[in-house]
Number of protein chains: 2
Amino acid sequence: MTPEKMHGGRRGRGRPQSFDRTQALCAAMRLFWDRGYDGTSFDDLIATMGISASSFYNAFGSKEALYHEAIDTYMSVAGAWLFAILNEDADTRTVFQDLTTAAASEFTRDDLPAGCMISVAATQCSPAQTRLRDLLASHRTRSEDAMADRLRKGVEAGDLPAGTDIGALAAFYGSLLRGMAVQARDGASRERLLEIARIGMQAWPAGQARSV
Amino acid sequence: MTPEKMHGGRRGRGRPQSFDRTQALCAAMRLFWDRGYDGTSFDDLIATMGISASSFYNAFGSKEALYHEAIDTYMSVAGAWLFAILNEDADTRTVFQDLTTAAASEFTRDDLPAGCMISVAATQCSPAQTRLRDLLASHRTRSEDAMADRLRKGVEAGDLPAGTDIGALAAFYGSLLRGMAVQARDGASRERLLEIARIGMQAWPAGQARSV
DNA sequence: TTTTTTCTGGTGTCATCGCTCCATAAATCC
DNA sequence: GGATTTATGGAGCGATGACACCAGAAAAAA
């Protein structure tokens with residue numbers, strides 16, 4: 001085990017890295033986000049990250065290891081809004097309203113690639129990438145489970161009818177978010193995504209005031 | 001221009017093909033459907049199709065040309081249910097109800113790959129595949145436009161309120177279908193997809209009886 | 001300064017990918 | 001049957017992908 005490649009601690013003995021690891025990782029994340037795993041070549045990566053092949057290999061181990069790190073970074077940084085909103089202290093309906101509208105905004109930021117890095121990744125891939133596919137699918141499941149948990153709390157709090165099908169409702173909003181991610185990648189505007197979000201909230205259980 | 005590689009007419013002059021072109025095309029379609037364009041290699045293709053490299057190249061021209069043919073085949077065969085339902089002579093709400101439930105069934109057939117070949121394809125790809133990405137995106141747009149057209153007829157027929165935002169509603173159901181396609185690829189059951197479809201129909205405009 | 005430890009650029013390697021060429025086999029037309 | 005036309009199998013090609021190695025450079029520790 002190497003001693004974690006000096007995390008800020010900066011007390012290694014030899015020559016220090018000439019590049020910012022975090023920054024390089026972020027650059028890689030954006031590239032993977034935009035082009036997917038297969039669509040991003042080794043050469044693209046080191047060019048974008050501004051480092052040499054050996055530095056790359058030395059600092060990140062392999063393309064696949066870097067992808068894992070990029071996913072983790074995405075989950076804890078760029079995709080953190082989802083879990084943050086699910087932990088909001090608000091009415092359950094409000095939480096999901098915020099969730100869908102935030103998705104519309106986050107999927108169309110002009111400082112980041114469109115859509116979501118996880119939502120649609122590795123749904124079609126070669127048998128050699130089964131591990132990657134499973135990883136991505138598990139992340140999707142995790143997001144959906146988090147939504148289900150929040151819905152369950154909503155039922156307990158009386159925000160939702162007792163008989164509400166938690167799993168189905170979470171799957172519905174999960175589907176909607178993933179569909180919105182595809183739309184975003186196809187170039188849909190933020191306004192269009194907000195309209196989709198608004199209509200999606202019309203499906204919220206039990207009688208609300210409705211309008212179209 | 002070669003004379004269309006003898007379509008059934010069987011009146012070419014030289015040695016006849018030893019394989020069924022349509023059947024080989026179908027096999028290729030399934031492989032592309034399952035693994036995507038990048039995830040499907042030349043060798044995978046000719047192995048599955050049961051032909052040699054030169055036969056492949058002779059009969060289909062290139063991997064990309066074959067992909068185009070596979071997409072066309074999908075649209076006119078495996079994905080035909082969508083347009084068929086949109087042309088049904090029924091109440092607009094019924095049409096969309098049928099659409100979403102049919103999607104649940106079609107996305108989980110046990111004789112075909114899960115999900116949809118078009119919905120989620122090439123959303124993340126290398127710059128070299130911009131053409132492919134645009135092609136897929138245009139197919140998605142076409143499906144959504146077809147839904148919008150049907151909704152417009154619904155407004156004209158009085159099935160929907162005059163002020164209905166056609167584009168937004170079509171985008172909503174487009175998103176839902178694409179999300180369902182991802183769920184299907186991740187292994188969601190037909191029942192789960194039907195639940196998603198059912199909830200999606202709760203978002204239908206104007207006061208319907210509602211229950212969860 | 002010397003030693004030690006680590007980073008860095010450049011080059012090389014091995015596999016795979018999509019594709020092509022060529023000699024040959026198998027049909028049809030005369 | 002002979003000529004013509006087309007398909008087939010097999011070998012191989014150039015490009016690219018991901019990775020590995022090595023000699024040298026640079027900084028901390030002694």
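Everything quoted here is computed from the prediction, not taken from an experiment. Chain identifiers are assigned alphabetically (A, B, ...) following the order of the sequence lines, protein sequences preceding nucleic acid strands; residue numbering begins at 1 within each chain.
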Worksheet entry | Set of residues satisfying salt bridge (charged side-chain N to carboxylate O under 4.0 Å, His left out) with respect to A:D44, sequence neighbours excluded | A:R35

Response to the item:
Taken in chain and number order and not counting sequence neighbours, the residues that satisfy side chain to side chain donor-acceptor pair (under 3.5 Å) with A:D98 are none

Practice prompt. Respond yes when some side-chain nitrogen or oxygen of A:S55 is under 4.0 Å from OP1 or OP2 of C:dT8, and no when none is.
Written response: yes

Discussion item. Working note: B:I199 + A:Y173, criterion side chain to side chain contact (heavy atoms under 4.5 Å, CB included); need CA distance, chi angles, decisive distance, verdict.
Written reply: CA-CA 10 Å; B:I199 295 175; A:Y173 282 105; 5.8 Å; no

Worksheet item: Reckon A:F56 touches a base, only the sugar-phosphate, or nothing at all at heavy-atom distances under 4.0 Å?
Response: nothing

Item to complete: Measure the distance from CZ on B:R15 to C1' on C:dA26 and round it to the nearest whole Å.
Response: 5 Å

Discussion item. Surrounding CG of B:D89 (heavy atoms of other residues, nucleotides or ligands, distance under 6.0 Å), is the total greater than 12?
Written reply: no

Sequence neighbours left out, cut at 3.5 Å: what donor-acceptor pairs do the side chains of residues 79-87 of chain B make with other protein atoms?
unit_1 : atom_1 : unit_2 : atom_2 : d
B:W81  : NE1    : B:A78  : O      : 3.4
B:N87  : ND2    : B:F83  : O      : 3.2

Worksheet item: Are B:R93 and B:D91 within salt-bridge range, i.e. N to O under 4.0 Å?
Response: no

Item to complete: Figure out the CZ/P separation between B:F60 and D:dT8, and round it to whole Å.
Response: 10 Å

Worksheet entry | Interatomic distance where CZ belongs to B:R21 and P belongs to D:dT8 [whole Å] | 12 Å

Practice prompt. Check the pair A:R190, A:L194 against side chain to side chain contact (heavy atoms under 4.5 Å, CB included), reporting the backbone distance first and the verdict last.
Written response: CA-CA 6 Å; A:R190 179 170 296 180; A:L194 283 170; 4.1 Å; yes

Discussion item. I want to know whether B:F56 and B:F42 have ring centres closer than 6.0 Å.
Written reply: yes

Fill in: Spacing of B:Q17 atom CD relative to C:dT28 atom C1', expressed in whole Å
16 Å

Worksheet, complete the sentence: To the nearest angstrom, the CG-P distance between A:L66 and D:dG17 comes to 16 Å

Worksheet item: If you write DNA chain D from 5' to 3' in dot-bracket form, with Watson-Crick or G-U pairs under 3.5 Å, [ ] for crossing pairs and | for pairs with another strand, what do you get?
Response: ||||||||||||||||||||||||||||||

Practice prompt. Measure the distance from NZ on B:K63 to C1' on C:dC19 and round it to the nearest whole Å.
Written response: 12 Å

Worksheet item: Rounded to the Å, how far apart are B:E64 CD and C:dC19 P?
Response: 8 Å

Worksheet item: Do any of residues 37-54 of chain B sit with a heavy atom less than 4.0 Å from DNA chain D, and if so which?
Response: B:S52, B:S54

Worksheet entry | Partners passing salt bridge (charged side-chain N to carboxylate O under 4.0 Å, His left out) against A:E64 (at least two apart in sequence or in another chain) | A:R131

Worksheet item: In whole angstrom, what separates A:F19's CZ from C:dT8's C1'?
Response: 10 Å

